[in-house]
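One-based numbering along the sequence shown.
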Amino acid sequence: MSDATANTSTTPGEAQFSDYFALLKPRVMSLVVFTAFAGLMVAPVAVPPVVAFAAILFIALGGGASGALNMWYDSDIDQVMKRTEGRPIPAGKVTKGEALSLGLWLSALSVVMLGLAANWFAAGFLAFTIFFYAVVYTIWLKRSTPQNIVIGGAAGAFPPMIGWAVATGGVSVESVLMFLLIFMWTPPHFWALALYMKSDYHKADVPMLTVTHGRAHTRKMVLVYSILLAPIAVATGLTSIGGPVYMAAAIVLNLLFLKGAYTIWRRDEAAAEADGYAVEKRYFRFSLLYLFLHFTALMAQAGLGALNMGGW
């Protein structure tokens, strides 16, 4: 029996709850929950706490369903990538069939329950998001084009729009700008990761930009997308969900983000390899903080607005 075969076999009863939970990509799910919650909180329509809690729970389940379907389809490449070889399927904890069943059942449950708890527009939006991530990104784009992250990033950008739709039942300029904020942030975020994880994508034959066009071109595109991202972040502050708190945060964060992208663009590859891609790793970690602080600032701005309306 080969090592690959041994890694994908599963003994009945071996899997633990934590293994099935890991199929849901909890770290990705946390980002889905956070941005969806932000979209719901900054919306101009108040949502009863019980409805809000239920909606976020079912959006989280939908995000988890997407993760399980992604791991089901990508199990073959997960086992050859260092970053993913410990996931439940390549580690032999869960079978592909179990991952597929979990993903499909959670998809149906999350969509139906969100429709019943909130509204069917938001539920339809969630269904489309699951389909986009599982089919358009995972099955179609990821292995076929270096634009996989650019186009496929839309799946991760939909949650604040879903949260907004839970409250309002529709779409607005504000929700579209929140979508664009994540959509344009996704490429530099993942390309920074790819700069120091290129060998993983090369081994798995995934056409990440670093593999198809090289690190120098990827560095340039990190800067290009960071430049395109900045005006979107600032423009969000000029809408009804913006204000001085958000605008101050957006200006500072985008100046730092642009500075980091410029530094990456100017980096000599030999020097980067010599220091273990330390700058790229810092930029990747900061990109997570960048997104978190933007949406935190939006919620803080909404909170201040609610206090002012309450006469405080």
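Annotation: side chain of Leu258 is not in contact with side chain of Leu229 (no heavy-atom distance under 4.5 Å). Side-chain atoms of Glu85 and Val80, non-hydrogen and from C-beta on, never get closer than 4.5 Å to each other. Using a 4.5 Å heavy-atom cutoff, the side chains of Ile139 and Leu69 are not in contact. Residues Lys93 and Gln16 have side chains not in contact (no heavy-atom distance under 4.5 Å, counting atoms from C-beta outward). By the 4.5 Å heavy-atom criterion applied to side chains, Thr138 and Trp72 are not counted as neighbours. At a threshold of 4.5 Å between non-hydrogen side-chain atoms, the residues Val206 and Asn148 count as touching. In this structure the side chain of Leu23 reaches within 4.5 angstrom of the side chain of Val94, judged on heavy atoms. Between Pro160 and Phe34 the shortest side-chain heavy-atom distance does not fall below 4.5 Å.
One finds the CG atom of Leu289 at 10.5 Å from the CZ atom of Phe257 (value rounded to the nearest 0.5 Å). With values rounded to the nearest 0.5 angstrom, Met184 atom CE is found 10.5 Å from Ile227 atom CD1. Here the NE2 atom belonging to His213 is positioned 13.0 Å from the CE atom belonging to Met208, to the nearest 0.5 angstrom. Note: Asp74 CG to Gln79 CD = 11.5 Å, rounded to the nearest 0.5 Å. With values rounded to the nearest 0.5 angstrom, Asp205 atom CG is found 9.0 Å from Ile77 atom CD1. Atom NZ of Lys220 and atom CD1 of Ile264 lie 15.5 Å apart (nearest 0.5 Å).
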- Task: Apply side-chain contact (heavy atoms from CB on, under 4.5 Å) to the pair Arg215 and Tyr277, showing each step before the final yes or no.
- Result: CA-CA 12 Å; Arg215 284 192 172 101; Tyr277 296 93; 3.2 Å; yes
- Message: Between Leu253 and Phe286, is the side-chain contact (heavy atoms from CB on, under 4.5 Å) condition met? List the steps.
- Response: CA-CA 10 Å; Leu253 288 168; Phe286 177 71; 4.1 Å; yes
- Message: I'd like to know whether Lys96 forms a salt bridge (Lys or Arg N to Asp or Glu O under 4.0 Å) with Asp76, so could you lay out the CA-CA distance, the side-chain angles of the two residues, the decisive distance to 0.1 Å, and finally the verdict.
- Response: CA-CA 10 Å; Lys96 289 186 65 174; Asp76 59 329; over 6 Å; no
- Task: Go through the steps to decide whether Tyr290 and Asn254 satisfy the test side chain to side chain donor-acceptor pair (under 3.5 Å), and finish with yes or no.
- Result: CA-CA 8 Å; Tyr290 170 97; Asn254 282 276; 2.6 Å; yes
- Message: For a side chain to side chain donor-acceptor pair (under 3.5 Å) check, start with the C-alpha distance between Tyr283 and Ser226, then their side-chain angles and the critical distance, and finish with the verdict.
- Response: CA-CA 12 Å; Tyr283 183 83; Ser226 298; 2.8 Å; yes
- Task: Begin with the C-alpha distance, continue with both residues' side-chain angles, and end with the deciding distance and a verdict on side-chain contact (heavy atoms from CB on, under 4.5 Å) for Arg266 and Arg219.
- Result: CA-CA 8 Å; Arg266 294 295 303 272; Arg219 293 178 185 281; over 6 Å; no
- Give the intermediate values and the outcome of side-chain contact (heavy atoms from CB on, under 4.5 Å) for residues Met299 and Leu304. CA-CA 9 Å; Met299 288 190 285; Leu304 286 175; over 6 Å; no
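Between the Glu98 side chain and the Thr95 main chain, a donor and an acceptor come within less than 3.5 Å of each other. Between the Ser175 side chain and the Val171 main chain, no donor and acceptor come within less than 3.5 Å of each other. The backbone N or O of Tyr246 sits less than 3.5 Å from a side-chain atom of Gln301, completing a donor-acceptor pair. The main-chain N or O of Met221 is never found under 3.5 Å from a side-chain atom of Trp191 such that the two would form a donor-acceptor pair. Formation of a donor-acceptor pair under 3.5 Å by the Ser66 side chain with backbone atoms of Gly62 is found in this model. No side-chain donor-acceptor contact under 3.5 Å links Asp200 to the backbone of Met197.
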I'd like a table of donor-acceptor pairs (distance under 3.5 Å, sequence neighbours excluded) in which one partner is a side-chain atom from residues 113-126, with atom names and distances.
from, atom 1, to, atom 2, distance (Å)
Asn119, OD1, Phe121, N, 3.2
Asn119, OD1, Ala122, N, 2.7
Asn119, ND2, Ala165, O, 3.0
Asn119, ND2, Val166, O, 3.3

Per-pair distances, 0.1 Å, donor-acceptor, side chain in residues 44-59, under 3.5 Å, sequence neighbours excluded:
none

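Pairing each heavy atom of Leu141 with each of Gly152, the nearest pair is CD1-N, 3.8 Å. Of all heavy-atom pairs spanning Ala68 and Leu24, the tightest one is CB-CD2, 4.4 Å. Scanning both residues, Met71 and Pro88, for their nearest heavy atoms gives SD-CD, 4.0 Å. Taking all atoms of both residues into account, the shortest heavy-atom contact from Ile89 to Ala99 is CD1-CB, 3.6 Å. Residues Val245 and Ala300 share a closest heavy-atom pair of CG1-CB, 4.3 Å. Here the closest non-hydrogen pair linking Arg143 and Tyr73 is NH2-O, 3.1 Å.
Ring geometry for Phe284 versus His189: interplanar angle under 30°, hence parallel rather than tilted (30 to 60°). The aromatic rings of Phe132 and Phe158 sit perpendicular, their planes meeting at an angle over 60°, well past the 30° parallel limit.
In Lys203, the NZ atom is crowded: over 12 heavy atoms of neighbouring residues, nucleotides or ligands sit closer than 6.0 Å. By the 6.0 Å contact criterion, CZ on Phe37 is open, its count of non-hydrogen atoms from other residues, nucleotides or ligands being 12 or less. Around the CZ atom of Phe190, the shell of radius 6.0 Å holds no more than 12 heavy atoms that belong to other residues, nucleotides or ligands. Applying the 6.0 Å contact sphere to CD of Glu269 captures more than 12 heavy atoms from other residues, nucleotides or ligands.
Ile241 and Val234 are assigned to two separate hydrophobic clusters, defined by single-linkage of ILVMFWY side chains at heavy-atom distances under 4.5 Å. In terms of hydrophobic clustering, with Ile, Leu, Val, Met, Phe, Trp and Tyr side chains grouped at heavy-atom distances under 4.5 Å, Leu223 and Tyr225 are assigned to different clusters. Hydrophobic clustering (ILVMFWY, side-chain heavy atoms < 4.5 Å, transitive): Tyr262 and Ile251 are in distinct clusters. Taken together through direct or relayed side-chain contacts under 4.5 Å among Ile, Leu, Val, Met, Phe, Trp and Tyr, Leu256 and Trp265 form parts of separate hydrophobic clusters. Note: the hydrophobic cluster containing Leu228 also contains Phe183 (ILVMFWY, side chain heavy atoms under 4.5 Å, direct or indirect links).
No side-chain donor-acceptor contact under 3.5 Å links Glu174 and Thr236. Between the side chains of Trp164 and Ser172, at least one donor N or O sits under 3.5 Å from an acceptor N or O.
Salt bridge absent: Asp78 and Arg83 never bring a charged side-chain N and a carboxylate O closer than 4.0 Å.
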